[in-house]
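Have a look at this one before I ask anything.
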Protein chains: 2
Amino acid sequence: MSIKPTAETFQGVLVDADAQVESFRQTRISRRTELVEDYVELIADLIADGGEARQVDIAQRLGVAQPTVAKMLKRLAAEGLIQQKPYRGVFLTAEGSELAERSRERHQIVESFLCALGVSPATARIDAEGIEHYVSTETLQAFKSYLNNPR
Amino acid sequence: MSIKPTAETFQGVLVDADAQVESFRQTRISRRTELVEDYVELIADLIADGGEARQVDIAQRLGVAQPTVAKMLKRLAAEGLIQQKPYRGVFLTAEGSELAERSRERHQIVESFLCALGVSPATARIDAEGIEHYVSTETLQAFKSYLNNPR
DNA sequence: TCATCATTATAGCCATTGCTATATTGTAGG
DNA sequence: CCTACAATATAGCAATGGCTATAATGATGA
Ligand SMILES: [Mn+2]
Ligand SMILES: [Mn+2]
Ligand SMILES: [Mn+2]
Ligand SMILES: [Mn+2]
């Protein structure tokens, strides 16, 4: 809407437009990388646990169908985060491992923080799975500080 | 991967499978409703500020193109959250107003909470725009409790 | 060895969320 | 009144992330 500098203008209802558009833009960027982060994190966990990450296991853990996983793995391979041999499990590249490790750490901090705040473990687990992807380094640092000195 | 009850099995690397799949499922559900919540919240703010919510204003605030908004508004109308007259601004139905109010409140609590935790206002604003959609009522309650008794 | 079965690959479908280009409509000024 | 111009509508495209059905492959066990 256009600026209406009349006497009865209610200031404060709307936040600064430039700031708001920047927030929405950043959120859209985070949403695009969300799935990739969950995939590499899960792949790293599966490899750490059983030595390999297979499509069926990834699909079962994510609760999606196997072709959905197959398509995403192609994308991850195209982005250089994993390597795959036909009809074999996948493994992480150096770049993929780094992203997985960063994601795992951040996820752990968010979940621990929620628990420290008094949220039940079950709810903390669910909420952290979504929240983790929208937490900046600054907010993550604030979470860490709280964990070091809760209450 | 299959269960491998060997002696060298590393327990604890992988979380419970059923719990994990439930987390991912809930996150996918939240992701689907994210945009709708931001739209109705923004529409309510625009109406409160200027008396009307036009496509150009919504588009400018979200940082997307006008046809993107037009398409989403059709969806919101189909879902009964807004009413629109051709070539006119939109307004919220009773249902849309309720969702907008709930979203606005939740958004405000999340942003205030981050600030109270020591996050800078600019970062809190950005992070809250994403985090808000993945916060359960239980976690929101924990945020409120902290706001009532911080530090 | 080789047949079966679990796993992976592929094809084709749909919904969502973005875009550009362009047609249509409404309205305000001259 | 009527013409610009601003706003909206529409068409068509692309990427993402789901799905089912089915083909191709690998590995296991008899
Ligand atoms: Mn995660
Ligand atoms: Mn996650
Ligand atoms: Mn919001
Ligand atoms: Mn938001």
Side-chain angles (χ1 to χ4, degrees), chain A residues 1-4 21 23-40 42-43 46 50-79 81-91 129-130 133, chain B residues 1-4 21 24-40 42-43 46-47 50-79 81-91 129-130 133:
Chain A
M1 100 266 10
S2 49
I3 296 167
K4 301 206 310 183
V21 70
S23 298
F24 284 128
R25 239 185 265 279
Q26 182 55 56
T27 299
R28 282 196 295 273
I29 291 171
S30 297
R31 193 167 50 223
R32 279 211 322 265
T33 60
E34 190 176 337
L35 253 190
V36 170
E37 292 169 349
D38 280 337
Y39 264 82
V40 295
L42 177 55
I43 289 169
L46 287 170
E52 61 177 351
R54 304 185 310 162
Q55 288 188 16
V56 280
D57 303 320
I58 298 170
Q60 184 252 319
R61 286 263 162 188
L62 290 175
V64 298
Q66 168 264 326
T68 299
V69 173
K71 201 189 288 188
M72 178 60 59
L73 292 184
K74 274 187 188 163
R75 183 180 147 198
L76 297 182
E79 292 181 11
L81 295 170
I82 65 169
Q83 285 196 353
Q84 50 181 174
K85 282 178 277 191
Y87 289 95
R88 288 296 166 76
V90 302
F91 58 96
E129 194 58 76
H133 310 283
Chain B
M1 99 257 15
S2 48
I3 297 165
K4 301 205 311 181
V21 71
F24 283 127
R25 239 185 266 279
Q26 183 54 57
T27 299
R28 282 196 296 272
I29 291 172
S30 297
R31 194 167 50 220
R32 279 211 323 263
T33 60
E34 190 175 338
L35 253 190
V36 170
E37 292 169 349
D38 280 337
Y39 264 84
V40 295
L42 176 56
I43 289 169
L46 288 170
I47 290 174
E52 62 176 351
R54 305 184 309 162
Q55 288 188 15
V56 280
D57 303 319
I58 298 170
Q60 185 252 319
R61 287 260 162 191
L62 290 176
V64 299
Q66 168 264 326
T68 300
V69 173
K71 202 186 290 186
M72 179 60 58
L73 291 185
K74 274 187 188 163
R75 183 181 149 197
L76 297 182
E79 292 181 10
L81 296 170
I82 67 169
Q83 286 196 353
Q84 51 180 172
K85 283 177 277 192
Y87 289 95
R88 287 295 167 78
V90 302
F91 58 95
E129 194 57 77
H133 310 282

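Proteins get letters first, then strands, A, B, ... in listed order; numbering begins at 1 in each.
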Salt bridge (Lys or Arg N to Asp or Glu O under 4.0 Å) contacts in which one or both residues fall within residues 66-78 of chain B, not counting sequence neighbours = B:Arg75-B:Glu79
message = Holding to side-chain hydrogen bond (donor to acceptor under 3.5 Å, both in side chains), I want the full list of residues that pass it with B:Arg31, two or more places apart in sequence or in another chain.
response = A:Glu34
request  = Check whether any side-chain N or O of B:Arg61 sits under 3.5 Å from a backbone N or O of B:Leu46 as a donor-acceptor pair, and report yes or no.
outcome  = no
note = Rounded to whole Å, the CD-C1' distance (B:Glu52 to D:dA7) equals 11 Å
message = I'd like to compare against my own output: the B/S/- annotation of nucleotides 8-20 of chain C with a strict under-4.0 Å heavy-atom distance to protein.
response = BBB-----SBBBB
task = Over all heavy atoms of both residues, which pair between B:Leu35 and B:Met72 is shortest? Give the atoms and the distance, please.
result = CD1-CE, 3.7 Å
message = Testing the basics here: between A:Leu81 and A:Val36, what is the closest heavy-atom pair and its distance to 0.1 Å?
response = CD1-CG1, 3.5 Å
